[in-house]
Protein chains: 2
Amino acid sequence: MTEQPAQTTTAGDPATARGEQTRQLIRDTAMRLFRERGYAQTTMRAIAQEAGVAVGNAYYYFGSKDHLIQEFYAQSQVAHRAAAQPVLDREEAFGARLAGVLHAGIDVLTPSHGFAATFFKTAAEPTSPLSPFSAESSGPRQAAIELFGEVLTGSTAKVDAELRPQLPELLWLAYMGVILYWVHDRSPGQTKTRQLIDGAVPLIDRLVALSRLRVLRPVTRQVLDLIRTLRH
Amino acid sequence: MTEQPAQTTTAGDPATARGEQTRQLIRDTAMRLFRERGYAQTTMRAIAQEAGVAVGNAYYYFGSKDHLIQEFYAQSQVAHRAAAQPVLDREEAFGARLAGVLHAGIDVLTPSHGFAATFFKTAAEPTSPLSPFSAESSGPRQAAIELFGEVLTGSTAKVDAELRPQLPELLWLAYMGVILYWVHDRSPGQTKTRQLIDGAVPLIDRLVALSRLRVLRPVTRQVLDLIRTLRH
DNA sequence: GTCGGTAGTTGAACACGTTCAAGAAGGGCG
DNA sequence: CGCCCTTCTTGAACGTGTTCAACTACCGAC
């Protein structure tokens, strides 16, 4: 329906499209209010009022309140990528790179803990376009998976040839698991999530290394076959 | 606030409490409409009308529309337990018992695939009392964990002594993972979920067996320490 | 410069979940 | 029977997300 008209404009830079200012204004206002009041407590009327536009105008740019969440995803993904860059430049060991990138992801999300939690409620619904597994999210998801590809590419780790192509997506999946834990993490400063990362990374590291052993080849293959079967 | 008054009644059988009939009527009507129309498409007004009561009356027994979901959980858990009984009576091998119980769980849920999916949206929200990790759900959760305890107790499997006390909860967690996959499973008849179970159970079986090996002791301990740390 | 069409904007209106003050029904006790 | 207290029931009213017919602002074409 009527969504993201800037992108359906015939040619031309979307940034200079007429409504682009309004679009950004509404988005930024929404993000601010989400942070200040939380998601549920922020009404569409409040967003519109604070942005100085009519309610219907917000719906011209964003199909629903939930669609504003996707905007949050996109922003977070970009911020994660940026925050991960120093780690990718600095570290060479697979474990250090992975831990760094995972920590960077949580770093970026930390200011939003509390209200981001409610987001993942919507994200968990399979029918929702906001699901990280959905087609609509494939853009940010691919970007995220690629980030974990870089974790691997730039590292000194030697990975089983069969495992390698699957690994970035598996690492992304592990990252989703970390986020799921983080969302439920009530420990002050989400310390437990940090412990989870620091505890799980060495295990993943060891597991990846073990995958090359001849003795474990059958298991590795069995796991990979299962994963291949389960992918859509 | 005003919830489940039958349980706050001073002594006496809740089943004979005055409003218990109405309570069940509303619950059953809601479940039927959920099945017929889906969760979002079923309005509280429709539930009330079909049950022949006022809207407010439904709220007297169930604090919110979401609370009706918890009713669905409870029913499903009981049905799962019943469906698992034959397997527990018949099978002795750990793998067969685990696979049977997991399949039984999906069997019970299958008729509700589609609308049950939207339920888990709410379940994923950490702040929601409907979260499988929440205190409010601890009853059904404990029952479910105990079911996996029986999978273990009645089996011939030899399990590492340190792992054993943690294992039922871990198996329950794996079951949650299966359900998460099932919810997103769009394959006809959710065949893929069945494949997931049949593929993952042998791996879990092997893993549990390996946990006793002296060589892997450090890893086992490392994993268990991490899990213990992460639990609340 | 005016005309026409698209992009952008408006706010009242709708359906929904939820609340609550008011009342009805039941039952124990004098 | 009359009284009181708890349990149960009612439906109008509120705030919310969302829709949509109407309107305005802009821009290229002639």
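Every chain is numbered from 1 and lettered A, B, ... according to where its sequence line falls, protein lines coming before strand lines.
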Problem set entry | Euclidean distance, atom CE of residue B:Met44 to atom C1' of D:dA13 [Å, nearest integer] | 17 Å
Exercise. Does A:Tyr59 make a side-chain N or O approach to OP1 or OP2 of D:dC20 shorter than 4.0 Å?
Worked result: no
Exercise. When you check the gap from the basic side-chain N to the acidic O, do A:Arg194 and A:Asp107 get nearer than 4.0 Å?
Worked result: yes
Exercise. To the nearest Å, how far apart are B:Arg37 CZ and C:dC16 C1'?
Worked result: 14 Å
Seminar exercise, completed: Paired with A:Leu98, the side-chain contact (heavy atoms from CB on, under 4.5 Å) test is passed by just one of A:Leu152, A:Ile197, A:Val151, namely A:Val151
Problem set entry | B:Thr43 side-chain proximity, nearest of D:dT9, C:dT9, C:dG17 | C:dG17
Exercise. Between D:dA25 atom P and A:Tyr60 atom OH, what is the distance in whole Å?
Worked result: 16 Å
Problem set entry | Integer-rounded Å distance: C:dG17 P and B:Leu68 CG | 11 Å
For this session: Sort out for me which residue in A:Gln85, A:Arg81, A:Arg97 forms a side chain to side chain donor-acceptor pair (under 3.5 Å) with A:Glu150.
Result: A:Arg81
Exercise. Does the side chain of A:Gln75 come within less than 4.5 Å of A:Arg27's, by heavy atoms?
Worked result: yes
For this session: Supply the atom-to-atom distance A:Phe62 CZ to A:Asn57 CG, rounded to the nearest 0.5 angstrom.
Result: 10.5 Å
Exercise. Hey, does the side chain of B:Thr22 come within less than 4.0 Å of D:dT9's phosphate (OP1/OP2), counting only N and O?
Worked result: yes
Exercise. How long is the line joining CG of B:Leu33 and P of C:dG17, in whole Å?
Worked result: 12 Å
Problem set entry | Side-chain-base donor-acceptor pair under 3.5 Å for A:Arg45 and D:dG15 | no
For this session: Take atom CD of A:Glu20 and atom P of D:dC26, then tell me their distance rounded to the nearest Å.
Result: 17 Å
Exercise. In residues 47-55 of chain A, which ones come under 4.0 Å of DNA chain C, going by heavy atoms?
Worked result: A:Val53, A:Ala54
Exercise. Are A:Phe34 and A:Phe72 close enough that their ring centres sit under 6.0 Å apart?
Worked result: no
For this session: Calculate the interatomic distance between B:Lys65 atom NZ and C:dA15 atom C1'; express it in whole Å.
Result: 12 Å
Problem set entry | Short side-chain N/O contact to C:dG8 OP1/OP2 from A:Asn57, under 4.0 Å | no
Exercise. Does B:Thr29 reach the main-chain N or O of B:Ile47 with its side chain, forming a donor-acceptor pair under 3.5 Å?
Worked result: no
Problem set entry | B:Gln21 CD - D:dT9 C1' separation (whole Å) | 15 Å
